[in-house]
Each structure stands twice: as structure tokens, then as C-alpha cells.
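Atom set for the values below is all heavy atoms of this structure, side chains included, hydrogens, waters and symmetry mates excluded.
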Amino acid sequence: MKSLILFVLFFNSIILWSQNKINEANKLFYKKEYSKAVEIYKEIENENLTIIYNNYLKSLFTVKDYTTANKIINKQIIKFPDNPTYKIDKGYFFIKKNKKEKAYNIFNKILQNTDRYNKNVLTNTANKFLEIKEYEFAIKILQKGIKKYPNVSMELNIANIYRQKGETEKMTKQYIEIVKKYPENKQRILNIFQNIFGRDGSEQSKKYLILEENLIKELQTSNKKEILDMIIWTYMQQYEFNKAFKYSKIADKKYTQYGNKIFEIGLITKENKEYETATKCFEYLSKNHKEYKLQSEIEIIKIKRKKCKKYICDKEELKKIDLQYQNFIQDYGVNQKTYYLLKDYANFLAFNYNNPDTAIFILNELKKATSDNIFKSECNLSLAEILLKTNKPWDAIKIYSELERNFKNEKTGHLAKFNKAKIYFYTGNIDWAKAHLDILKLATSKLIANDAMKMSLLITDNSNLDTSYDVIIMYAKAEYDFIKKEYEKSVSKLDSIMTKFPNHSIKDEIHLLKSNIYIEQGLYDFALQELDKIIKNHYYDIICDEALFKYGFIIEEKYNDKKQAMEIYNKIITDFPNSIYAQKARKKYRKLRGDKDL
């Protein structure tokens, strides 16, 4: 009995010693100290080869000990004759020895024997080929596996291999094929495309074009709803809203019940200020989908108001819009369905029609009438904005502070905090503004985070030469005058900065703000002069892409100079490919060039 106990203790000590040695060798392997790792692996090779095999073999190949590598591969092949992954290692050994022909003979024999392998072995074999970057053999193994065991996982692996190889055309076709076979995976594939392609930059645009062309070809033969969905999605990613609407109408006629998607397209298009296409979406819904008639007509009126922000509306046009709001309210009454229209009407009165008192009255009445806290918060956001623009910043701050408390970790709370930061900025409390902005740079809403980052950079980039904040405070007050539509005061303050601090780094921001002032007044010649100063003197500054786009827009829309507009848009595409304006510029360039819908 005593002998047995001693034997057990001795056996356990050997196991413990081996495990410690394995851990020690693996640590060295992961630290990339391969020579030291090999020394320890050799000590424990006989009893633990299968356990240490992968790391041991990689270490041997790295230190170019091909003799030992060949020896342990042969041992595993003898021990596991039906496991093809060790034979692939043998082939890789021949590749390392510059004997590719022998390697490919082994690989081809593995391909010939795939009927003997189950699904797991086929997957492991394909992964092993991937590991040694023999992509074509990996694809062939997976293709044989799909014939024997049809499954989406292997199909996705093939597409991923094409992606690794940089073969966008084949990758795209493979993903389309997956959607055809497994339509329930459509959203998954769209998410993959979005991650791979992104939304901006010239290379991404080329990839989306390949996807677009292959989807159009596929639609001509398969005519599947999922393919139409993917075409619409592709155009939305490229901001090609008119084409997205065109194909959504086709989908609506073929499959019906597509109204929700068209409404969504209309809203996104409106947010991107493509008002003509957005109006078409809502007009189509109003005529063809009774369930969206009221919502669509409300959106059409909203667009007319928003167009007055983009283009200057004369008094007669504003009267017409005011009358439309009133007629609509008279026809549909004041109820939950028209609350949002009434809120928008209040915004129209305050920001377009110079009637803030009536706007404030409407918003306060809406707050009393509704029990919907989300809607109430939206009314408060509008109310605070009106108070800010009517020179009551501290009343606005009270509302924003309440919203920030009530919606602390939500988008509304972050927006309220951002607007508070802007008020602190406008009123000269720069340190307070900066503190709020630095917190908001981590906000969950990308748009708010980006706006906070931009404003924070405006402060830091233009305070290095002026630690007392004198210049940035003068600029902030000028921007606040602009917000209040006190244009002459704003320009006067900006000119004063230029006179007192002619070499200050804030010059480019001054030119941009002055251009915005002139645009709102319809003084486009003056606006172009300010934008031209940015383009000529601050070409590589952070706001030059914005200046170029505004310059191109004015030249195109107000002066109808298509040739010059195209030149400017092309500059944005080539010189600022990763800018948020690049995709919009590309779309405008194609339109001016006369590209037709596919």
C-alpha cells in the first residue's frame, strides 16, 4: 500500500513538472522568445507532443529548425493518419524548403479525399490552409464542404477569404449569393458591408460601386425582394437618395407594405437637406398609402419651412407657408396626431416668421396638453432655442439644466448639455464651456460627440496665443449676434478682431462665420470672397473642405456655373477623400456630369 502511495505521488509530481514546463515554454512563445521556447519544448516533447504541437512547430519554423519540425510533423501524421491538418503542415514544411511542387501534391491529395471528412474536419482543414495563406485550397475545401453539408458558415468563410485577398468583386458576389440562399442573413451581410466599406473615402466609393453593379445584375435575373432591399440600402449609404427612392417605389409596387421604408427614406433624405427628393417620397406616400397620408403631408409642410433655412424666402412665400400651416391645423384639428405639426409651426413662427411670442405660447400650451414626456422635452428644446435667440440665454439655461437632469444618460440630456456649453461659450464663460464639451466628447451620440469635439478644438486651437481668452470671447459674442440675426453687430465684431489681431489663428473661423452671415442675407458675392480667403490661405486647415463645399454649392445653385462647381467638387473628392463632404461632393459631381440612374 505504501509503495502504491509513493508511486501516485511520484506520478503526480511528473505531471506537475510537465505542466509547469509547458506553461514556461508557452510564456516564452507568446513573448516571441522562440529559441528559448524550443529548448524547453524539446525537453517535454516525447510525453506532451500533441499538447505543445502548434506552438512548438511555429517556434521551430521561426528559428528555421526544419529538421526537428519535419520529425514532429511525421510523428503526428503516423499517430493521427486521418487528420489532414498534419499533412498540410508537411506541405508547409516543403514550401519552407522551396519544394512547392511536393507541397501542392500533398494539398491536392487532401482535396481528393474530402468525401471522407465530416463537417468539423473540413472546417479545420480550411482554417489550416488559411493559416498558411493558401487561400485557393481553403476555398476549394469549403466549396466541397458546402456541397456535402450546405451551411451559411462555410459560405461566409469563403466571402471572408476573398476579403482578405482584396478581391472585392468575388467577395461581393459571394455575399449576394449567401443572401439568395439564406435571406434571413440579409441584415447580417449588410452590417458586414458597412464595416468593410465604411461611408466616406474614394476606395469605399469604388467598393460600393462594385456592390451596386452586381446587385443590379442580380436583380435582372433573380428578382428577389432581398436584392431590392440591398440595392436601396447601398444607395442610402452613398447618399444617392433619389435612386433609393426610385427602387423603393419598384419594391412597393411588387411587394406592397413598403410604405414604412419609403417614409424612413424620406426622413433621412430630409435630414440630409435633399428636400426635392424628400418631398417626392412624402407626396408618393400621401397618394398611395392612406395610413401615411397625414404624416406625409405634415412632413411636406416641414420641408417647406426647412427650405427657407437653406434658401432665402421672401415675405410672400413665408405668408403662403403660414397659411398652409393654419389650413392644415383647421382641417385636422388640434390633437395628438397634429401636436408635432404644431410644434413645427411654432418653430416656423419663431425662426422664419419673426413671431417668437406666439411660438412660445404654442409650445407652452402643447406642454400642458401632452402627457408624453419625450414630446414635452422636444417642446422644451425648441422653447430654449427661441429664448436663446431672443437674447434670454439664462432662461434658456434653466430649461437645458432641467432636461439634463431628467434625461441624464440619454441623447436629449446630452443635447441639452451641449446647448448649455454653447451658451457658456456665447456669454464668455469659456472654461465652463470647455469643461462641458470635454465630457460630451464621450457622448454616445456620434453627432453630439463630433460637434462637441469641433467646438472644443475651436477653443483650444485659438487659445494658445491668447491665454486670457480675449480673442475667443470676442469671436463667441460675434457668433451669438449671428444666432440672434444681428448681422451688422456680428460683422463689426469680427472685423474688429481682424484689425486688432491680424495674425491670430482664428482668421479661418472668422472668414467662415462671415460667409455664413452673408449667405443668410443673400449676399453671395461677399460670401464667396470670404470662402475664397479660406481656400487660398488655409487650404490644409480643418475647415477647408467645408469652405470648398459651400463655395461649390453657391456657384452651382446661385450662379448656375456647372463647370466651375464640378471643378470644386472634384477638388473635395481628390484632396479630402475622407471628409464628410466627399460623398456629397461626389454625388453632386455625378449629377452635374449628367450620370443617369442605372
Side-chain angles (χ1 to χ4, degrees), residues 168-169 172-173 175-176 179 186-187 189-190 193-194 196-256 258-285 287-289 292 296 299-300 303 549 553 556-557 562 565-566 569-570 572-573 580-598:
T168 305
E169 181 87 29
T172 299
K173 286 180 177 177
Y175 280 128
I176 293 171
V179 174
K186 180 193 72 180
Q187 191 55 50
I189 301 303
L190 293 179
F193 278 133
Q194 191 165 41
I196 295 170
F197 293 175
R199 285 192 69 140
D200 299 306
S202 56
E203 283 304 310
Q204 288 89 335
S205 181
K206 288 175 188 174
K207 289 174 182 176
Y208 273 119
L209 188 60
I210 291 169
L211 174 59
E212 176 189 332
E213 287 171 351
N214 280 293
L215 285 168
I216 297 295
K217 285 177 188 174
E218 186 58 47
L219 185 65
Q220 291 167 356
T221 54
S222 67
N223 205 23
K224 286 182 174 285
K225 179 182 179 294
E226 290 74 25
I227 301 300
L228 260 174
D229 291 341
M230 290 177 76
I231 290 171
I232 294 162
W233 178 87
T234 302
Y235 285 133
M236 292 300 288
Q237 297 303 301
Q238 297 179 92
Y239 302 95
E240 296 279 1
F241 302 119
N242 197 43
K243 291 180 182 179
F245 173 53
K246 171 187 170 182
Y247 280 93
S248 66
K249 282 193 295 182
I250 294 170
D252 190 48
K253 287 170 184 174
K254 285 189 175 182
Y255 305 108
T256 66
Y258 219 80
N260 185 56
K261 186 67 183 176
I262 296 174
F263 191 78
E264 181 188 322
I265 291 169
L267 291 177
I268 294 170
T269 306
K270 183 187 75 173
E271 287 303 309
N272 281 271
K273 300 180 181 179
E274 296 281 344
Y275 297 128
E276 186 180 337
T277 301
T279 301
K280 287 178 184 176
C281 290
F282 296 125
E283 284 176 345
Y284 174 85
L285 286 170
K287 290 176 184 175
N288 297 284
H289 287 265
Y292 285 98
S296 297
E299 290 302 326
I300 290 167
I303 288 169
F549 189 81
F553 179 81
E556 177 194 356
E557 296 283 340
K562 292 183 179 180
M566 283 179 71
Y569 292 139
N570 193 47
I572 299 170
I573 295 163
I580 59 170
Y581 294 98
Q583 192 68 273
K584 295 176 181 179
R586 187 173 290 107
K587 181 183 173 184
K588 283 187 165 292
Y589 181 85
R590 288 175 180 169
K591 184 181 177 182
L592 290 172
R593 190 173 60 185
D595 292 9
K596 294 181 179 178
D597 291 355
L598 290 170

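A tilted orientation is assigned to the rings of Phe193 and Trp233, their planes being inclined by 30° to 60°.
Not counting sequence neighbours, Glu226 has no partner by the salt bridge (Lys or Arg N to Asp or Glu O under 4.0 Å) test.
Summarising the geometry, atom CG belonging to Leu211 is positioned 10.0 Å from atom CD belonging to Glu169; distances are rounded to the nearest 0.5 Å. Note: Ile262 CD1 to Lys249 NZ = 8.5 Å, rounded to the nearest 0.5 Å. Rounded to the nearest 0.5 angstrom, Met230 CE and Ile189 CD1 are separated by 7.0 Å. Note that CG of Leu219 is 7.5 Å distant from CD1 of Ile250, once rounded to the nearest 0.5 Å. Rounding to the nearest 0.5 Å places CG of Asp229 at 9.5 Å from CD of Gln187. Here Lys287 contributes atom NZ and Leu285 contributes atom CG; the two are 11.5 Å apart, rounded to the nearest 0.5 Å.
Of all heavy-atom pairs spanning Ile303 and Ala278, the tightest one is CD1-CB, 3.7 Å. Closest of all the heavy-atom pairs between Phe282 and Ser296 is O-CB, 3.3 Å. The two residues Ile227 and Ser222 have their closest heavy-atom pair at CG1-OG, 3.8 Å. When all heavy atoms are compared, the tightest approach of Cys281 to Phe245 is SG-CD1, 3.5 Å. Across every non-hydrogen atom of Lys243 and Tyr235, the tightest pair is CD-CE2, 3.4 Å. When all heavy atoms of Gln194 and Tyr208 are compared, the pair lying nearest together is CA-OH, 4.2 Å.
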Query raised in the report: Stepwise, does the side-chain contact (heavy atoms from CB on, under 4.5 Å) test hold for Met566 with Arg593?
Result: CA-CA 8 Å; Met566 283 179 71; Arg593 190 173 60 185; 3.8 Å; yes

Report task. Check the pair Ile232, Tyr258 against side-chain contact (heavy atoms from CB on, under 4.5 Å), reporting the backbone distance first and the verdict last. Result -> CA-CA 12 Å; Ile232 294 162; Tyr258 219 80; 3.3 Å; yes

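Residues Asp252 and His289 form a side-chain contact, since some pair of their non-hydrogen atoms from C-beta on lies under 4.5 Å apart.
Of the candidates Lys584, Arg586, Arg590, Arg590 is the only one forming a salt bridge (Lys or Arg N to Asp or Glu O under 4.0 Å) with Glu240.
Judged by distance alone, the side chain of Tyr569 and the main-chain N or O of Phe553 form a donor-acceptor pair under 3.5 Å.
Using a cut-off of 4.0 Å between Lys/Arg side-chain N and Asp/Glu carboxylate O, Glu274 and Lys587 are scored as salt-bridged. Using a 4.0 Å cut-off between charged nitrogen and carboxylate oxygen, Glu283 and Lys280 do not count as a salt-bridge pair.
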